[in-house]
Amino acid sequence: MNNNDIVQKLWNLCDVLRDDGINYSDYVTELVMLLFIKMVHENTEAGVLKKHPLPEGCRWTDLNSKSGITLLDDYKRILLGLSSGKDAEGNQIHDDPLISAIYDSAQTRLREPRHLEQMIRTLDKIDWFSAQKDGLGDLYEGLIEKNATETKSGAGQYFTPRALINSMVRCIKPQVGEVIQDPAAGTAGFLVSADQYMRDQTDDYFDLSAKQAKFQRTKAFVGVELVPRTRRLALMNCLLHGMEGDAEGVVHLGNALGEVGANLAKADIILANPPFGTSKGGEASITRDDLTYKTSNKQLAFLQHIYRNLKPGGRAAVVLPDNVLFEAGVGTDVRRDLMDKCNLHTILRLPTGIFYAQGVKTNVLFFTKGSAKDKHQKENCTENVWVYDLRTNMPSFGKRTPFTEQHLKPFEEVYGESPNGDSDRKEGEYSFNVEDIEVDKTMVKENQGIEDKLAKSRWRCFSRDWINETKGDSLDISWLKDKDSIDAADLPEPDVLAREAKEELQAALSELDELLVALEEVK
């Protein structure tokens, strides 16, 4: 039995939860509260965890031998004890802040003891020996991914495709001893992937000294997550991967666009996929007063936080929607500031359909603090921006056509070995039948006389001067045309078009808000 089989078996338990009146959006939270207790038991039995992190009386063996109303009552008691650290009589049973954070305000919505018993029996029948070989943390992540793809809940808002996460990490190449942050951590996918990358380079950290290994477990990774339930998933995910973090765990609860973000220490690496939308369209509000450019656009605020919070020479890879590349006003100011303070060396234009919010057009921006020659440089750090177009004339990705790491291999090859994007690079990459695609002729003329063949490449270089003079510092740079772009029969679905129009209107309204603020200040 492989991990995919086990994930499907776990997902089938959602039928049991539905029979007990539990909604799609609560499936994973309900399931993982029980699953985590089981996984801790398996990891302890296998010797992965040297010490059982859960107190006596709150372990798997305190559940799986019971049935009926006694079982359900004991499970409720266990959740309360793990959350508060005290038993029903008020006696202290544990003082682990991480366990308290994981089970903060935890309570089951199960009403039928037989449903809880059925879930426990199913978990006990799973071949956990097979699961151990792939890692229980990976199994857990597979369940989160399943939830994101199968449900219409908010899961897709914080789930980034695993193939993309791993590719970004391979490009950035985190090293032992570096501090790695994610200010919009979600379920901690970026941090877990970075940890796994370094484990692969160091024989699961056995090559490190005791001091280095402790740093990796407790100080190397820091995330911030606004939503308590999502943070719970993140803390479980990290602990199952052997990542402990500080007293608050790897992922802290809070708003990176507020006081928590302002107090974060500088990082060597930042990997992130900030939430989409404006500050009025979600839970995160922008309360920072230290950001140079005031904006209601959360992505522009996150981008400012990220490049400001890098150490000199620090590097970042950030997923951002198209509006960040072309929005005028404050958007232009932020892009100019980014290119001044950092070497924005690479933009990867991602295909549509890889995120579960359909129609969202996104990119990955790769940049390093300072210039290629001087990490302390603060002006004119960007000389050239390399753009890889993985969007034009690509398949419509989704459940039937999954987006895999194979689709990112051509990009990784031209990106080069240097995590700072300063490997020797040459224009010209013709994967996915790009030579059959038409080209915007103006781009052939304007980009310093580039030859027609190179104009059909997915991989091109644009100078900082050209971006300023020709694009007015917009980074929405494209030169390939979709074959069917003018065929009305192949237009996106109406809901996708409506969502794109909404995003453009929100960007325009954001600019008007900023104009009104400016006019009020003039008065």
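Bear in mind that the values here come from a model prediction, so they are computed numbers and not experimental data.
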Exercise. Would Arg391 and Asp322 satisfy salt bridge (Lys or Arg N to Asp or Glu O under 4.0 Å), going step by step from the backbone distance to the final call?
Worked result: CA-CA 12 Å; Arg391 181 184 304 171; Asp322 272 15; 2.8 Å; yes
Exercise. Under the salt bridge (Lys or Arg N to Asp or Glu O under 4.0 Å) criterion, do Asp340 and Arg336 qualify, and how do the steps go?
Worked result: CA-CA 6 Å; Asp340 258 353; Arg336 285 173 179 159; over 6 Å; no
Exercise. Going through the distances and angles, do Leu310 and Phe367 end up as a side chain to side chain contact (heavy atoms under 4.5 Å, CB included)?
Worked result: CA-CA 10 Å; Leu310 285 174; Phe367 50 90; 3.9 Å; yes
For this session: Walk me through it: do Arg425 and Tyr415 pass the test side chain to side chain contact (heavy atoms under 4.5 Å, CB included)?
Result: CA-CA 8 Å; Arg425 292 173 167 184; Tyr415 182 96; 3.5 Å; yes
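Arg288 and Leu257 get closest at one heavy-atom pair: CG-O, 2.8 Å. Taking each heavy atom of Ala317 and Met168 in turn, the nearest pair found is O-CE, 3.5 Å. The two residues Ala272 and Phe190 make their nearest non-hydrogen contact at C-CE1, 3.7 Å. When every heavy atom of Asn343 is checked against every heavy atom of Thr382, the shortest pair comes out as CA-OG1, 3.5 Å. Scanning all heavy atoms of the two residues, the minimum distance from Leu475 to Arg335 falls at CD1-CD, 3.8 Å. Contact detail for Gly177 and Gln216: the closest heavy-atom pair is N-OE1, 3.0 Å.
Although no hydrogens or angles enter the test, the distance criterion places a donor-acceptor pair under 3.5 Å between the side chain of Lys266 and the main chain of Arg308. In terms of modelled atom types and a separation under 3.5 Å, the side chain of Asp268 and the main chain of Val179 share a donor-acceptor contact. Between the side chain of Ser193 and the main chain of Gly189, no donor-acceptor pair closer than 3.5 Å is present. Side-chain atoms of Asn309 come within 3.5 Å of backbone atoms of Ala265 as a donor-acceptor pair (strictly under, hydrogens ignored). Although no hydrogens or angles enter the test, the distance criterion places no donor-acceptor pair under 3.5 Å between the side chain of His376 and the main chain of Pro312. A donor-acceptor distance shorter than 3.5 angstrom exists from the side chain of Glu225 to the backbone of Gly186, with no hydrogens or angles considered. With Ser423 contributing its side chain and Glu417 its backbone, the two residues share a donor-acceptor pair below 3.5 Å. The backbone N or O of Leu191 lies less than 3.5 Å from no partner atom in the side chain of Asp195, so there is not a single donor-acceptor pair.
Ion pairing between a basic and an acidic side chain is recognised when a charged N comes within 4.0 Å of a carboxylate O; Lys173 and Glu178 show no such pairing. Between Glu42 and Lys38 there is a salt bridge, with a side-chain nitrogen of the basic residue lying less than 4.0 Å from a carboxylate oxygen of the acidic one. Of the charged side-chain nitrogens involved, at least one lies within less than 4.0 Å of a carboxylate oxygen, so that Arg217 and Glu244 count as a salt-bridged pair. Salt-bridge check for Lys294 with Asp333: failed, with every basic side-chain N at 4.0 Å or more from each acidic carboxylate O. Between Asp476 and Arg349 there is a salt bridge, with a side-chain nitrogen of the basic residue lying less than 4.0 Å from a carboxylate oxygen of the acidic one. Here Glu30 does not pair with Arg109 in a salt bridge; the nearest charged N to carboxylate O distance is not below 4.0 Å.
The shortest distance between side-chain heavy atoms of Met236 and Tyr103 falls below 4.5 Å.
With a 6.0 Å cutoff to the six-membered ring centre and a 45° limit on the axis angle, Arg460 counts as a cation-pi contact of Trp479.
Looking only at atom types and distance, the side chain of Asp104 has no donor-acceptor partner in the side chain of Ser83 under 3.5 Å away. Side-chain contact annotation: Gln107 with Ser105, donor-acceptor N/O pair under 3.5 Å absent. Between the side chains of Asp374 and Ser371, no donor-acceptor pair of N or O atoms lies under 3.5 Å.
Heavy-atom neighbours of Glu405 CD from other residues, nucleotides or ligands within 6.0 Å: above the threshold of 12. Around atom NZ of Lys471, more than 12 heavy atoms belonging to other residues, nucleotides or ligands sit under 6.0 Å away. Atom CD of Gln201 has more than 12 neighbouring heavy atoms from other residues, nucleotides or ligands inside a 6.0 Å radius. The environment of CD in Glu412 is crowded: more than 12 heavy-atom neighbours from other residues, nucleotides or ligands sit within 6.0 Å.
The side-chain hydrogen bond (donor to acceptor under 3.5 Å, both in side chains) test with Glu327 singles out one residue from Thr332, Asn297, Thr295, and that residue is Asn297.
Between Tyr388 and Trp459, the ring-plane angle classifies as tilted under the 30° and 60° cut-offs.
With ring centers used as reference points, Tyr197 lies 6.0 Å or more from Phe221.
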